Number of protein chains: 2
Amino acid sequence: MPEFLYNNKLYYNPVEFAMDRIGGTWKMPILWRLKNRVMRFGELRKDIPHITDKMLTSQLRQLEAEGFIHREVYPVVPPKVEYSITPKGKTAIPIIETIRNYGLELMKKEGIPTK
Amino acid sequence: MPEFLYNNKLYYNPVEFAMDRIGGTWKMPILWRLKNRVMRFGELRKDIPHITDKMLTSQLRQLEAEGFIHREVYPVVPPKVEYSITPKGKTAIPIIETIRNYGLELMKKEGIPTK
DNA sequence: ATTAATACTTTCCAAAAAGTTAGTACCTCT
DNA sequence: AGAGGTACTAACTTTTTGGAAAGTATTAAT
């Protein structure tokens with residue numbers, strides 16, 4: 001496996017690279033929810049259990065910086081900001097689905113009720 | 001999304017559950033190498049760049065505990081231990097491949113030479 | 001007696017990720 | 001004047017993850 005630098009970080013393989021973009025605790029849950037609709041900050045917060053303002057903001061910023069989502073600000077008071085998925089973000093959906101189904105499969109094997 | 005406990009840890013979704021079994025820096029590289037052959041500790045260490053003894057040991061133990069690999073000890077001196085993938089471990093290979101291909105795709109978009 | 005080989009184990013430490021708590025800016029409405 | 005609503009921002013702490021370096025056990029070979 002080749003190793004390479006990107007944004008001053010050293011990666012050892014493509015899996016690591018992918019997981020750095022869409023991995024972590026919150027990025028997939030966010031992308032998953034945006035997959036077929038636009039959502040506001042407050043909506044996402046309500047919909048994703050246990051996420052904090054800080055985590056939501058920082059993850060949204062990272063996803064935006066990588067081009068997975070788009071952030072649209074409306075200059076009104078109180079503030080209104082809408083988040084939507086980009087074409088690049090959509091390419092992540094099937095991957096998330098694959099991992100999700102695998103997770104469900106493993107859970108089933110462990111006897112964890114999946115509903 | 002349902003939340004649930006497993007081994008005293010709280011999970012919020014199936015993706016998280018899957019990534020806790022086969023995610024992290026080293027588990028996929030290990031499984032990937034074992035996918036079609038048995039390997040010894042020293043072989044794995046030589047083959048996976050930058051991994052330390054400690055990390056290799058701890059990841060192998062976790063993979064074994066979850067049933068993804070099998071550990072065979074030969075009572076000889078110096079010690080000999082062989083690691084092999086189990087049927088359960090094999091189910092992870094296509095997932096790794098999917099993520100890997102996605103990583104390669106993202107790298108290509110970023111202009112990172114993939115070989 | 002010393003060295004070599006192999007597969008760990010242990011201790012201590014640093015960095016990264018995530019969580020907690022509190023606060024800000026702005027305008028509208030009462 | 002004060003409260004309410006929205007999307008943050010900042011400071012601080014905790015937890016998790018990973019890493020470096022050294023040590024252990026056993027026996028054979030020199």
Side-chain angles (χ1 to χ4, degrees), chain A residues 3 6-13 15-17 19-30 34 38-66 69-84, chain B residues 3 6-13 15-17 19-30 33-34 38-65 69-84:
Chain A
E3 65 185 50
Y6 182 75
N7 285 164
N8 272 320
K9 202 192 150 180
L10 185 63
Y11 295 93
Y12 301 142
N13 55 62
V15 169
E16 229 184 298
F17 187 79
M19 282 303 114
D20 236 37
R21 319 289 123 203
I22 60 164
T25 311
W26 305 112
K27 283 179 189 158
M28 294 196 208
I30 292 170
L34 293 177
V38 168
M39 289 178 84
R40 295 183 59 181
F41 186 90
E43 263 184 295
L44 284 165
R45 182 176 46 198
K46 250 183 288 181
D47 212 48
I48 303 175
H50 306 284
I51 197 169
T52 61
D53 282 10
K54 176 195 159 181
M55 277 297 117
L56 184 51
T57 302
S58 83
Q59 303 303 300
L60 287 170
R61 288 293 144 77
Q62 288 176 48
L63 287 169
E64 191 199 0
E66 305 274 0
I69 64 173
H70 171 73
R71 178 170 183 263
E72 185 78 33
V73 183
Y74 297 87
V76 295
V77 171
K80 174 174 173 182
V81 182
E82 283 184 347
Y83 294 93
S84 54
Chain B
E3 66 183 51
Y6 182 74
N7 284 163
N8 271 321
K9 201 191 150 178
L10 184 62
Y11 294 93
Y12 301 141
N13 54 63
V15 168
E16 230 184 299
F17 187 79
M19 283 302 114
D20 236 35
R21 320 287 124 206
I22 61 165
T25 311
W26 305 111
K27 283 179 188 157
M28 293 197 207
I30 291 170
R33 279 172 181 76
L34 294 177
V38 168
M39 288 177 84
R40 295 182 58 184
F41 185 89
E43 264 184 294
L44 283 165
R45 183 178 42 197
K46 251 183 287 179
D47 212 49
I48 303 176
H50 307 283
I51 197 169
T52 60
D53 282 11
K54 176 193 159 182
M55 278 299 118
L56 184 50
T57 302
S58 83
Q59 303 303 299
L60 287 169
R61 289 292 145 76
Q62 288 178 47
L63 287 169
E64 191 199 0
I69 64 174
H70 171 73
R71 178 168 183 264
E72 185 77 33
V73 182
Y74 299 87
V76 295
V77 171
K80 174 175 173 182
V81 183
E82 284 184 345
Y83 295 93
S84 53

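Please read all numbers here as calculations on a predicted model, not as lab measurements. All chains are named by letter (A, B, ...) in the order of the sequence lines, taking the proteins before the strands, and each is independently numbered beginning at 1.
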(request) Report yes if at least one side-chain N or O of B/R45 is closer than 4.0 Å to OP1 or OP2 of C/dT6; otherwise report no. (result) no
(request) Please report, rounded to the nearest Å, how far the P atom of D/dT16 is from the CG atom of B/N7. (result) 14 Å
(request) Look at all strands and tell whether A/T25 reaches a base, only sugar-phosphate, or nothing, counting heavy atoms closer than 4.0 Å. (result) sugar-phosphate
(request) Taking the side chain as every heavy atom from C-beta outward, state whether B/R71 and B/L60 have any pair of such atoms under 4.5 Å apart. (result) no
(message) OP1 or OP2 of C/dA7 versus the side-chain N and O atoms of B/R61: is any pair under 4.0 Å?
(response) no
(message) Looking only at the side chain of A/K54 (C-beta and beyond, no hydrogens), which of the listed nucleotides C/dA5, C/dA18, C/dT10 gets closest?
(response) C/dA18
(request) May I have the distance from B/M55 (atom CE) to D/dT16 (atom C1'), rounded to whole angstrom? (result) 11 Å
(request) Mark yes or no for whether B/N13, through its side chain, and B/V15, through its backbone, hold a donor-acceptor pair below 3.5 Å. (result) yes
(request) Take atom CG of B/L60 and atom P of D/dG18, then tell me their distance rounded to the nearest Å. (result) 14 Å
(request) Check the distance between D/dT15's C1' and B/D20's CG and give it to me in whole angstrom. (result) 14 Å
(request) Fit a plane to each ring of A/F41 and A/Y83, take the angle between them on a 0 to 90° scale, and name the class: parallel (under 30°), tilted (30 to 60°) or perpendicular (over 60°). (result) tilted
(request) Send over the distance from A/K80 NZ to C/dC26 P, rounded to a whole Å. (result) 21 Å
(message) Do B/L44 and B/I51 make a side-chain contact, defined as non-hydrogen atoms from C-beta onward lying under 4.5 Å apart?
(response) no
(message) Need one value for B/Y83: base, sugar-phosphate or nothing, where a base atom within 4.0 Å counts as base even if backbone is also close, heavy atoms only.
(response) sugar-phosphate
(message) So if I take every side-chain heavy atom of A/R71 and compare against C/dG19, D/dT27, D/dA7, which nucleotide ends up nearest?
(response) D/dA7
(request) Measure the distance from CG on B/D53 to P on D/dG19 and round it to the nearest whole Å. (result) 13 Å
(request) Rounded to the nearest angstrom, tell me the gap between atom CG in A/L10 and atom C1' in C/dA15. (result) 15 Å
(message) Just the rounded figure in Å: distance from P of D/dG5 to CZ of A/R40.
(response) 13 Å
(request) Please check the phosphate of C/dG19 (OP1 and OP2 only) for any side-chain N or O of A/T52 closer than 4.0 Å. (result) no
(message) Looking at B/R33 and B/D47, would you say the former's side chain and the latter's main chain have a donor-acceptor pair under 3.5 Å?
(response) yes
(request) Return no unless some side-chain N or O of A/Y12 is found under 4.0 Å from OP1 or OP2 of D/dG18. (result) no
(request) May I ask you to evaluate whether B/T57 reaches the phosphate of C/dC8, defined as a side-chain N or O under 4.0 Å from OP1 or OP2? (result) no
